[in-house]
Each structure stands twice: as C-alpha cells, then as structure tokens.
Amino acid sequence: MEKLFYDLLDKYGYQNWWPLTGKFDPFEEVCIGAVLTQNTSWKNVEKAIENLIKANLTSFERILQTDDKTLANAIRPSGFYNQKAKTLKRLAKFLLSVEKENIKREDLLSIKGIGKETADTILLYGLNKMIFVVDAYTKRLLHRLGFIDSPKIEYDTLRILIESAVPRDINVYKEFHALIVKHCKEVCKKNPDCKKCFLSNRCYNYTYG
DNA sequence: AGCCAGGCCAAGC
DNA sequence: GCTTGGCATGGC
C-alpha cells in the first residue's frame, strides 16, 4: 500500500489538494465543495461554485441569509440541488455555531446530508485532522489491485486499513487520496483504460486489448 | 445517446 | 443487517 502511494506520486506528482478558487474562506470552500461533489463530477461542481461567486454567496453567513430556492438554483449544475442546498445550510449553521478546534466527526455525521466521506473530507482537508478519506475510487482501485477482496468493504474498515498501512503523515493522507482520484478519473475508470495504465502489470483486473 | 460522476438517506426485505 | 430507489445536472 505504501509502495502504491509512492508509485502514484512518482507518476503524477503532488496534487496539492483541496482545489480552491480563493474567493471563499479556505475552510468554508472545502466544506462547500465537499457537499457539492457528492456523487457528482468536479466539472459540475466548478460550475456551481462559479454561480455562488456570481450570486455573492461566498460565505456561510450569506448562504444562511439566502432562501432555499435561490441557493438551490445557484448550485443547480452540481445536481441533487434541492437536497444539497438544505445540507449546505444545516452544515453552515452548525459550523458557525462552534469553534473549529471543537468540531468532532460525530457532530458532522449527525447533520443530515453529511455522511462519512463528506465529514472526513472536511476533517482532513479543512481541519488537518489525521483521517483518510475513502471514496468509490478508493474501493474500486484497491479492489482491482487486490488489496481488498470486495469493493463493498465497509467504509471505516477500509479507512482504518489504509490509515495503518501508509506513513502517519497528514500530507501523505491528503496526497494519497488526491492521487487515487487523479488516477481513477483518467485511467482506472469504471471502464478502465488498462492499456495506458502503469499499474496494469500488477493488476488483478487487467483487461487486455 | 447512454452511462457516469470525488454520496447520502429512507424504506424495504 | 444488507439491498434498493430517489435525488439531478452536464460531460464524454
């Protein structure tokens, strides 16, 4: 697992996540992006974020001042916009009510619309907590490479497995997740481009042609 | 023109 | 407990 991280790093270089526009407070932008990207391509999230900027909705405070319909309309390109608008408001309300150093994973998970991946994204990229972010890409890649038996592995089981298998370094956690996303978006897609994959010689999933 | 995307929740077995 | 359906747009 550690070797996989270094191989991906050699191949793609540092990703320097989380992607930010600079038009928001960095912590708030991580939180907003984390919600908007739920089961949604980052391209669509970028459109939604541009709309938020145009609509002057670039802070939790402004988001809370805005009615659900206006907010939902702005984030429309990210899909599931009615749910996400409500989730953003619930999240913004909570986060404005606590000090950052007191934010706990269980608090985030108690917010409707915030699940494990979104909570962990906020903790890792927003708050520099030592928590690895598992996503569908992670399960797919590690399954294909034979690190796990099934892509249906339980979220926290895989998270803990990875956390204990790579160096306990915040930047390793951040980069490893970002590199997995990079590799899976470009190569290890649902229909994988095994021909152009530098890992195919050690991949259980390798499909010829 | 389908299929897919950096999930999550509630309901059904 | 595990599976399924709903939520929705836009890119490739």
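Note that this is a predicted model, so its numbers are computed, not measured. Each chain gets a letter, A, B and so on, in the order the sequences are listed, and its residues count up from 1.
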| task | Could you tell me which non-hydrogen atom of A:Q38 sits nearest to which non-hydrogen atom of A:K84, and how far apart they are? | result | O-NZ, 3.2 Å
| Interatomic distance, A:I75 CD1 vs B:dA5 P [rounded to whole Å] | 21 Å
| task | Between A:I114 and A:W17, name the one whose nearest nucleotide on DNA chain B is closer to the 5' end. | result | A:W17
| field | Any donor-acceptor N or O pair under 3.5 Å, side chains A:D135, A:T138 | value | yes
| task | Looking only at side-chain atoms of A:K190, point me to the closest of C:dT9, B:dC4, B:dC9. | result | B:dC4
| remark: From CG of A:L71 across to C1' of C:dA8 the rounded distance in Å is 15 Å
| Would you say C:dT9 has OP1 or OP2 under 4.0 Å from some side-chain N or O of A:S41? | no
| request: State the dot-bracket string of DNA chain C. Criteria: Watson-Crick or G-U wobble, both atom distances under 3.5 angstrom; notation: ( ) intrastrand, [ ] crossing earlier pairs, | interstrand, . unpaired. | output: |||||||.||||
| request: Fit a plane to each ring of A:Y173 and A:F132, take the angle between them on a 0 to 90° scale, and name the class: parallel (under 30°), tilted (30 to 60°) or perpendicular (over 60°). | output: perpendicular
| Nucleotide of B:dC8, C:dG10, C:dC12 approaching A:K43 most closely (side-chain heavy atoms) | C:dC12
| field | Residue pair A:K47 / A:E50, side-chain heavy-atom distance below 4.5 Å | value | no
| field | Protein-nucleotide distance (A:I122, atom CD1; B:dG7, atom P), rounded to Å | value | 14 Å
| Passes side chain to side chain contact (heavy atoms under 4.5 Å, CB included), A:I122 versus A:F27? Steps please. | CA-CA 8 Å; A:I122 292 169; A:F27 172 66; 4.0 Å; yes
| request: For B:dC8 and C:dG10, measure between their P atoms and round to the nearest Å. | output: 22 Å
| query | Which of parallel (below 30°), tilted (30 to 60°) and perpendicular (above 60°) describes A:H177 and A:W17? | reply | perpendicular
| message | Quick test of your reading of the model: are A:R105 and A:D120 salt-bridged, counting only N-O distances below 4.0 Å? | response | yes
| Sugar-phosphate only, base, or nothing, as touched by A:K84 at under 4.0 Å among non-hydrogen atoms | nothing
| query | Say you pick atom C1' in C:dA8 and the same atom in B:dG2; how far apart are they, in whole Å? | reply | 16 Å
| Protein-nucleotide distance (A:D156, atom CG; B:dC8, atom P), rounded to Å | 11 Å
| Nearest-Å distance for atom pair CD1/P, residues A:I32 and B:dG7 | 18 Å
| field | Minimum heavy-atom distance between A:W42 and A:P19, given as atom pair plus value | value | CZ2-CG, 3.7 Å
| Taking the side chain as C-beta and beyond, is there a heavy-atom pair between A:V30 and A:L20 under 4.5 Å? | yes
| message | Expressed as a whole number of angstroms, how long is the span from A:W42:CH2 to B:dG7:P? | response | 12 Å
| request: Answer with base, sugar-phosphate or nothing: what part of the nucleic acid does A:A34 contact at a heavy-atom distance below 4.0 Å? | output: nothing
| task | Determine: side-chain N/O of A:K47 to OP1/OP2 of C:dG11, distance under 4.0 Å, yes or no. | result | yes
| message | For A:D107 versus A:I103, what's the shortest heavy-atom pair and its separation? | response | OD2-C, 4.4 Å
| message | Considering every strand and a 4.0 Å limit on heavy-atom distances, what is the contact class for A:I111: base, sugar-phosphate, or nothing? | response | sugar-phosphate
| A:K189 NZ to C:dG11 P, straight-line distance once rounded to whole Å | 17 Å
| message | Counting the atoms with a prime plus P, OP1 and OP2 as sugar-phosphate, which does A:S78 contact under 4.0 Å by heavy atoms, base, sugar-phosphate, or nothing? | response | nothing
Which atom pairs link the protein and nucleotides 1-7 of chain C when you take only N or O atoms and keep those under 3.5 Å?
unit_1: C:dC7; atom_1: O2; unit_2: A:Q83; atom_2: NE2; d: 3.2

| request: Send over the distance from A:L88 CG to B:dG7 P, rounded to a whole Å. | output: 16 Å
| query | At their closest point, which heavy atom of A:E28 faces which heavy atom of A:T58, and how far apart are they? | reply | OE1-O, 4.4 Å
| message | Would you measure the distance from the P atom in C:dC7 across to the matching atom in B:dA1 and give it in whole Å? | response | 26 Å
| Phosphate OP1/OP2 of B:dC4: any A:R140 side-chain N/O under 4.0 Å | no
